[in-house]
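Written below as structure tokens is the structure these notes are about.
Being a predicted model, the structure only gives us computed values, none of them experimental.
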Amino acid sequence: MLEFLYSTGCRIGEVEKINIEDLNWENCSAIVDGKGSKQREFYFTTECKVWLKKYLASREDSCKALFVTDTNPVKRMAIPTLRWALKRLADRGEIEANVYPHRFRHTSMHASSLITERR
């Protein structure tokens with residue numbers, strides 16, 4: 001999830017809505033329903049693709065959501081759960097900075113240079 005947020009710059013509400021089938025593995029991209037009901041395409045790095053594949057291979061559920069809870073029944077992570085999971089990961093990594101989803105949007109690698117490289 002960390003690599004995904006960092007490499008895509010997606011808003012947390014967009015991340016919540018992404019399904020596995022939305023990912024285009026060949027182009028390392030996806031189309032999301034963003035703010036204001038606008039669709040936009042985003043790209044993720046090859047490193048992110050590797051982490052996503054590992055994460056998905058470790059799952060034993062049939063939920064279509066990209067990020068799911070680790071409790072039964074397995075279900076799509078809601079925004080508060082995504083925020084909590086991110087905070088928990090930051091605590092485990094002993095990161096002292098305040099970690100929140102929108103911070104990744106401002107520091108992401110998804111800048112226009114990455115989009116230009118894919119064309």
Check your understanding: Is the shortest heavy-atom distance from the side chain of K75 to the side chain of V68 under 4.5 Å?
Key -> no

**Study point:** Closest heavy-atom pair and its distance - N19, A65
**Key:** OD1-CA, 3.7 Å

Exercise for review: Please report the closest heavy-atom contact between L66 and Y55, naming both atoms and the distance.
Suggested key: O-CE2, 3.0 Å

**Study point:** Heavy-atom pair with the smallest gap, counting every atom of C63 and I20
**Key:** O-CD1, 3.9 Å

Exercise for review: Evaluate the side-chain proximity of L82 to M1: yes if any heavy-atom separation is below 4.5 Å, no if none is.
Suggested key: yes

Point to revise | Side chain to side chain, F67 and L52, heavy atoms closer than 4.5 Å | key: yes

Point to revise | Value rounded to 0.5 Å, distance of CG in L86 from CG in L5 | key: 6.0 Å

Practice item. Kindly give the heavy-atom pair with the smallest separation between F44 and N24, and that separation in Å. Key: CZ-O, 4.2 Å

Review point. Which pair of heavy atoms, one from Y43 and one from N27, lies closest together, and at what distance?
Key: CD2-O, 3.8 Å

Study note, to complete from the structure: Output for pair (K38 NZ, E14 CD), nearest 0.5 Å, gives 11.5 Å

Exercise for review: Check whether any side-chain heavy atom of T45 sits under 4.5 Å from a side-chain heavy atom of E3, and report yes or no.
Suggested key: yes

Review point. Checking T8 side chain against F4 main chain: does a donor-acceptor pair fall under 3.5 Å?
Key: yes

Review point. So do R40 and C10 actually touch side chain to side chain, heavy atoms under 4.5 Å?
Key: yes

Exercise for review: Check whether any side-chain heavy atom of V32 sits under 4.5 Å from a side-chain heavy atom of V15, and report yes or no.
Suggested key: no

Check your understanding: So, do K53 and W51 sit near enough that their side-chain heavy atoms are less than 4.5 Å apart?
Key -> no

Check your understanding: Got a donor-acceptor contact below 3.5 angstrom from the K49 side chain to the W25 backbone?
Key -> yes

Check your understanding: What heavy-atom pair brings G13 and I79 nearest, and what distance separates the two atoms?
Key -> CA-CD1, 3.9 Å

Check your understanding: Would you say the side-chain atoms of R76 pair up with the backbone N or O of E16, donor to acceptor, closer than 3.5 Å?
Key -> yes

